[in-house]
Amino acid sequence: MSPSKTIKHAFKAAFGEDPAFIVRAPGRVNLIGEHTDYNDGFVFPMAIERATFIALRPRADYRVLAISLDMDDRRAFALDDLQRPTETEWIDYLVGVAWSLQERGYQLRGWEGVVSGDVPIGSGLSSSAALELATARAFYEVSGFEWDAAAMALACQAAENNWLGVKCGIMDQMISAAGVEDRALLIDCRSLETASAPLPPDTVVVILDTNTRRGLVDSAYNERREQCEAAAQHFGVSALRDVYSELFAEREHELVPLMRMRARHVITENERTLQARDAMNAGDAETLGQLMIASHISLRDDFAVSSPALDTIVDCANADPACYGARMTGAGFGGCAVALARGDGVETFVDRVGTCYREATGNEPIITVTGASRGAETVYP
Ligand code: GLA
C-alpha cells in the first residue's frame, strides 16, 4: 500500500472518518554543495521519493493531537501553552514549528491527525526537515495562511535552530519545501533564489547508506561552522561566499593551516556547485561526476567530515564502470553517500557496490535508486 493510503486507513481507524487533508514533505539527498549553506553559498540537492505524511482534520480549539504510527505514540499540546523540550522527542518538532510560525505572526488553528513516513531517521536524508515541513503544511491547511516555500523553510529552520537547539543551515528545509519533480534544485542560500535542472539523460541517482551513524556529529558540525565564520572574519566579509578563489590564492598564506583547509573546501565547493549547474544544464554526466568526485576529496581532506565507511563506499562506487561519480552527502561522519550512475547499468551497479562495501567492512549497506520528487504539498483531497 502507498504511504498515503496507509495513513488514510490509520486516520479512519483512529478518528472514525476520512481525514480532511493528507499532506506530505520529502527528505532530500544533496548532489553537490556540502557545508556551503551556512556560508551563504550554493547547494544542489533534490527532494527524494521518501517523505513524511500527515493525515489530519481541523479542531475547533487551539490544541494539536498527533498520533505517530512509526513511534507508536500519541501526544497533544496547546498552541497557547507550548513547552520547551528538555530532551528532544518526535513531538517537539511539531511544537517547534508551531512556536516558530507563531513567533512570525501566523495565526494558527488546532488539528488532530496521524503522522507517518519512510525517510529513515538519522541516516542523513533529512527526516527532521521532512517532519517539520509536513507540520507546517498541516498548519497551513487548517489555518488558511499563505504558503510561501522560502518563508516556510526559514520558519522550520528557526524551529530547529532555536527550539530544538540544532544549528543547521537552510538547505534541508528549503529543498523539502521547494523540491521540483524530476529535477535537482540549485539553491542560493543567501537570497534563497532557486533554479531547477534535470539530471543528465540516461543517468540515475543512487543513495548509498553506509548503515553507520557516528556520535558527536553536532559538536563537529558546530566546530566547522565556527572555523568558517572565523575565516570569513579574517577576510573581512560576512560569509565565505564572498571570498573568491583569486582573493583566496592571494591571501591564504595568512591563515593557519587548519583554517586554510576549511576555507578552501567552502570556496572550491561553491565553484564546483556552480559548475555542476552548468554541467547539468548541458546534460554532461561526465563533468558532473568528476565534480562530485572532487567534492568528496575536498570534504575528506580539507573539511575532514568523511569517515572510513563513507570513504569505502565512495571508493567502491567510483571504481565501478557504471558510475560517473560518487561522494558523501549531508553533514558527514557516517550516513549516506550519493552516486550518479548510468541508468541502464544500475542494477548491477547496486549489486557490485553492495558486495564491495560488505566485503571491505563486514557491514550491510542500504542502496536505493531514487527519483526527484516535489516539495511539501497536499496530496488529499
Ligand atoms: C546538514 C545540515 C545542512 C547542511 C549539511 C551539510 O544536513 O542540516 O544545513 O549544512 O549538513 O551540507
Side-chain angles (χ1 to χ4, degrees), residues 25-48 50 88 93 96 119-133 150 153-179 184-190 192 194 207 209-210 213-214 216-229 232 239-241 262-263 265-270 272-273 276 291-292 295-296 298-300 302-307 310 327-338:
R28 64 100 186 90
V29 64
N30 189 20
L31 300 180
I32 195 162
E34 214 65 81
H35 287 276
T36 45
D37 62 351
Y38 54 82
N39 291 296
D40 274 6
F42 299 94
V43 295
F44 212 160
M46 64 185 223
I48 58 175
R50 289 165 177 256
T88 305
Y93 289 86
V119 190
I121 294 171
S123 68
L125 299 176
S126 294
S127 59
S128 329
L131 179 55
E132 290 154 14
L133 266 301
L154 285 167
C156 290
Q157 183 203 15
E160 187 120 9
N161 291 171
N162 305 325
W163 190 265
L164 302 160
V166 178
K167 285 194 88 188
C168 63
I170 190 65
M171 168 168 70
D172 307 344
Q173 287 76 18
M174 192 62 194
I175 184 63
S176 184
L185 198 67
L186 179 79
I187 303 170
D188 177 334
C189 296
R190 176 171 277 168
L192 295 189
T194 61
I207 297 171
D209 187 342
T210 59
R213 317 277 176 257
R214 219 166 79 182
L216 299 177
V217 179
D218 286 356
S219 57
Y221 185 88
N222 292 342
E223 186 190 75
R224 295 301 180 286
R225 279 191 78 135
E226 282 158 21
Q227 291 164 340
C228 290
E229 277 157 27
L240 283 178
R241 149 77 172 264
R262 303 296 188 252
H265 165 71
V266 174
I267 293 161
T268 56
E269 184 77 352
N270 273 328
R272 280 188 291 271
T273 305
L291 291 164
M292 291 169 75
S295 167
H296 184 80
S298 177
L299 286 157
R300 184 190 66 196
D302 274 348
F303 217 63
V305 291
S306 190
S307 72
L310 281 167
R327 54 180 287 277
M328 55 153 278
T329 184
F333 304 103
C336 293
V338 61

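Every number for a ligand or one of its atoms is a count from 1 in the order of the listing.
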Is there any side-chain hydrogen bond (donor to acceptor under 3.5 Å, both in side chains) pair reaching into residues 327-337, and which pairs are they, with sequence neighbours excluded?
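Sorted pair list: Glu34-Arg327, Ser295-Arg327.
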Return the protein residues near ligand 1 (heavy atom under 4.0 Å from any of its atoms), ordered by chain and residue number.
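Ligand 1 pocket, heavy atoms under 4.0 Å: Arg28, Glu34, His35, Asp37, Tyr38, Cys168, Gly169, Met171, Asp172, Tyr221, Gly330, Ala331.
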Do the side chain of Gln157 and the main chain of Cys168 share a donor and acceptor less than 3.5 angstrom apart?
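The answer is yes, because a donor-acceptor pair under 3.5 Å joins these two groups.
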Pairwise side-chain contact, Glu132 with Leu164, heavy-atom cut-off 4.5 Å (strictly under):
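A side-chain contact under 4.5 Å exists here.
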Heavy-atom side-chain proximity of Arg50 to Pro120 below 4.5 angstrom:
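Sidechains of Pro120 and Arg50: in contact.
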Pairs flagged by salt bridge (Lys or Arg N to Asp or Glu O under 4.0 Å) wherever residues 161-178 is involved - sequence neighbours left out:
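Residue pairs passing salt bridge (Lys or Arg N to Asp or Glu O under 4.0 Å), neighbours aside: Arg28-Asp172.
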For Arg262, give me all partners under salt bridge (Lys or Arg N to Asp or Glu O under 4.0 Å), at least two apart in sequence or on another chain.
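For Arg262 there are no salt bridge (Lys or Arg N to Asp or Glu O under 4.0 Å) partners, ignoring immediate neighbours.
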